[in-house]
Novice: 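Here's a structure for you.
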Amino acid sequence: MSAAHHKAAADTLSMLLRTRRSVRDFLPDPIEPALIEAVLDDAQQAPSWSNTQPYRIAVATGEVRDRLAAELCERYDLAMRAQRGGVLGKLRLLLRRKGLPDGDFQTNFEYPADLQPRRRDTGFGLYQLLGIERHDRAAREAQMRRNFEFFGAPVAVFVFVHAGLREFSVLDAGIWLQSLMLSAHARGLGTCAQGALATWAGPVRSIFAIPRDYRLICGLSMGFPSQHPINGYEPGRGPAQALRIEPR
Ligand SMILES: Cc1cc2nc3c(=O)[nH]c(=O)nc-3n(C[C@H](O)[C@H](O)[C@H](O)COP(=O)(O)O)c2cc1C
């Protein structure tokens, strides 16, 4: 590549990296299959440990996507009802089982103290933008529930990692996800990576023939972004220097 090409490539990539934001409200318009394939083909170029590509992908569209959204929302509603119901509610959930998280990884855990401020600021910023009061539990639950409707997106992607490659398959899946998100963004599509979609693995396993050694690590919604203000949310990052570890 010539110097001019490098400059143009760097400018384009930098722009894409800086303008990609999580999209949490989508138009219902379907994505043409060729466009979905183009994005998946780009993501396929992601590097991985010894080129093992230790992940598998389930792509839900149309009626399958709708069934999954209904199943996941049902579980979310049952889990929230149990939480509101105190000890008895939780007991009922334990006995009934449906609604109990059955994911391969725990998605609800205590945040480490040093990460908690960033998490809190990101959550509060989003709720503030939506006009949701801190103590308005019902409104927060309703917003959280949108995760399980894929925020209205026509495509839901579920990412599974090979257990045999341990943490490195998770690392590789993260690189794959970002590759997919950038390709989608470059092509006018919006995405939201969603750890929340790993809370319940049962619905996706009952529809897709997931190979034995694969574990559900994350989901992702993809579609055309709507004009909803939520899509203007830009949680800050701070300077790269803030992450640097200096020599003793
Ligand atoms: C692995 C991963 C899991 C995520 N899970 C969720 C999720 O469950 N729900 C959600 O609304 N956003 C989720 N996000 C989006 C993050 O909140 C978002 O990337 C972060 O706040 C930075 O904002 P930005 O993507 O707009 O730059 C996730 C992002 C990643 C990378």
Side-chain angles (χ1 to χ4, degrees), residues 13-26 43 46 54-55 57 60 68-69 72-73 75-76 79-80 101 103-109 111-112 115-130 132 139-153 155-161 167-186 189-201 203-204 215-240 242-243:
L13 182 58
S14 186
M15 178 275 286
L16 289 171
L17 285 163
R18 281 157 214 274
T19 55
R20 182 216 55 81
R21 294 275 80 88
S22 292
V23 168
R24 297 187 179 88
D25 195 75
F26 293 88
Y55 30 72
I57 316 301
L68 276 170
L72 289 169
C73 283
R75 280 161 180 73
Y76 179 73
M80 288 306 105
D104 301 319
F105 298 93
Q106 206 184 332
T107 56
N108 195 0
F109 44 78
Y111 279 64
L115 303 182
Q116 180 67 6
R118 285 197 197 122
R119 184 236 180 175
R120 208 186 33 230
D121 290 352
T122 303
F124 284 170
L126 192 70
Y127 290 137
Q128 202 172 24
L129 186 140
L130 294 171
I132 297 175
R140 282 169 47 170
E141 274 181 17
Q143 178 54 35
M144 183 63 193
R145 191 179 193 273
R146 295 279 293 147
N147 273 280
F148 304 104
E149 299 170 330
F150 313 124
F151 301 115
V155 177
V157 178
F158 293 85
V159 184
F160 292 80
V161 290
E167 288 82 358
F168 300 106
S169 57
V170 177
L171 186 62
D172 289 347
I175 300 172
W176 183 90
L177 266 174
Q178 171 72 333
S179 305
L180 180 137
M181 292 193 284
L182 285 179
S183 171
H185 178 44
L189 293 168
T191 55
C192 187
Q194 290 168 260
L197 294 179
T199 308
W200 292 283
V204 65
R215 311 278 181 265
L216 177 60
I217 184 74
C218 196
L220 171 132
S221 297
M222 180 163 75
F224 295 99
S226 78
Q227 295 293 323
H228 194 288
I230 198 172
N231 292 337
Y233 184 46
E234 295 198 9
R237 296 294 198 276
L243 302 183

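Read the numbers this way: they start at 1 and go in the same order the structure lists the ligands and their atoms. The figures that follow rest on heavy atoms only: side chains count, while hydrogens, waters and symmetry mates do not.
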Novice: Only heavy atoms count here, so choose which of R118, R24, Q178 is nearest to atom 17 (O) of ligand 1.
Specialist: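 The option holding the nearest heavy atom is R24.
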Novice: Would you say L68 and F158 make side-chain contact, with heavy atoms under 4.5 Å?
Specialist: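 Sidechains of F158 and L68: in contact.
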Novice: Identify, for atom 1 (C) of ligand 1, the protein heavy atom at the shortest distance, and state residue, atom and that distance.
Specialist: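 Nearest protein contact, heavy atoms only, for atom 1 (C) of ligand 1 is C218 SG, 4.1 Å.
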Novice: Taking only heavy atoms of R21 into account, list the atoms of ligand 1 that are under 4.0 Å away from them.
Specialist: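 Result: 24 (P), 26 (O), 27 (O).
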Novice: Check whether any side-chain heavy atom of S226 lies under 4.5 Å from a side-chain heavy atom of N231, and answer yes or no.
Specialist: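 Yes, at least one pair of side-chain atoms sits under 4.5 Å.
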Novice: What's the separation between atom OG1 in T191 and atom CG in L177, rounded to the nearest 0.5 Å?
Specialist: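 Those atoms lie 9.0 Å apart.
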Novice: Against heavy atoms of A196, which atoms of ligand 1 measure under 4.0 Å?
Specialist: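 Here the atoms of ligand 1 in question are 8 (O).
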Novice: Between atom CD1 of I57 and atom CG of L220, what is the distance when rounded to the nearest 0.5 Å?
Specialist: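 The CG atom of L220 is 9.5 Å from CD1 of I57, to the nearest 0.5 Å.
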Novice: Could you list which atoms of ligand 1 come closer than 4.0 Å to a heavy atom of C192?
Specialist: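 The list of qualifying atoms is 10 (C), 11 (O), 12 (N).
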Novice: Is the shortest side-chain heavy-atom distance between F151 and I230 below 4.5 Å?
Specialist: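 Of all side-chain heavy-atom pairs linking I230 with F151, none is under 4.5 Å.
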Novice: Yes or no: does R237 have any heavy atom under 4.0 Å from an atom of ligand 1?
Specialist: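 R237 counts as a contact of ligand 1 under the 4.0 Å cut-off.
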Novice: Hey, looking at atom 9 (N) of ligand 1, which of N147, L17, N231 has the closest heavy atom?
Specialist: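 Heavy atom nearest to atom 9 (N) of ligand 1 belongs to N147.
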Novice: Please tell me if the side chains of R75 and T199 come closer than 4.5 Å, counting only heavy atoms from C-beta onward.
Specialist: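 A side-chain contact is absent here, since even the closest heavy-atom pair is not under 4.5 Å.
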Novice: Can you confirm, on distance only, whether ligand 1 has an N/O atom lying under 3.5 Å from any N/O atom belonging to S22?
Specialist: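 By distance alone, the answer is yes.
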Novice: Identify the protein heavy atom lying closest to atom 3 (C) of ligand 1, giving its residue, its atom name and the separation to 0.1 Å.
Specialist: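 Result for atom 3 (C) of ligand 1: G195 N, 3.4 Å.
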Novice: May I ask you to list the atoms of ligand 1 that are less than 4.0 angstrom from any heavy atom of T122?
Specialist: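 Heavy-atom distances to T122 below 4.0 Å select 21 (O).
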Novice: Any side-chain heavy atom of R20 within less than 4.5 Å of one from S22?
Specialist: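 Heavy-atom side-chain distance check passes, below 4.5 Å.
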Novice: With atom 30 (C) of ligand 1 as the reference point, say which of P235, A193, G236 has the nearest heavy atom.
Specialist: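 Shortest heavy-atom distance from atom 30 (C) of ligand 1: A193.
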Novice: Is there side-chain contact between Q143 and R140, with at least one heavy-atom pair below 4.5 Å?
Specialist: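 Side chain of Q143 against side chain of R140, heavy atoms only: no contact under 4.5 Å found.
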Novice: Which word best sums up how the rings of Y55 and W176 line up, parallel for under 30°, tilted for 30 to 60°, or perpendicular for over 60°?
Specialist: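 The arrangement is tilted - the two ring planes meet at 30° to 60°.
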Novice: Give the atom numbers and elements of ligand 1 that come within less than 4.0 Å of a heavy atom of F151.
Specialist: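 Answer for ligand 1: 11 (O).
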Novice: Heavy-atom contact check, 4.0 Å cutoff: does E234 meet ligand 1?
Specialist: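 Distance cut 4.0 Å: E234 fails for ligand 1.
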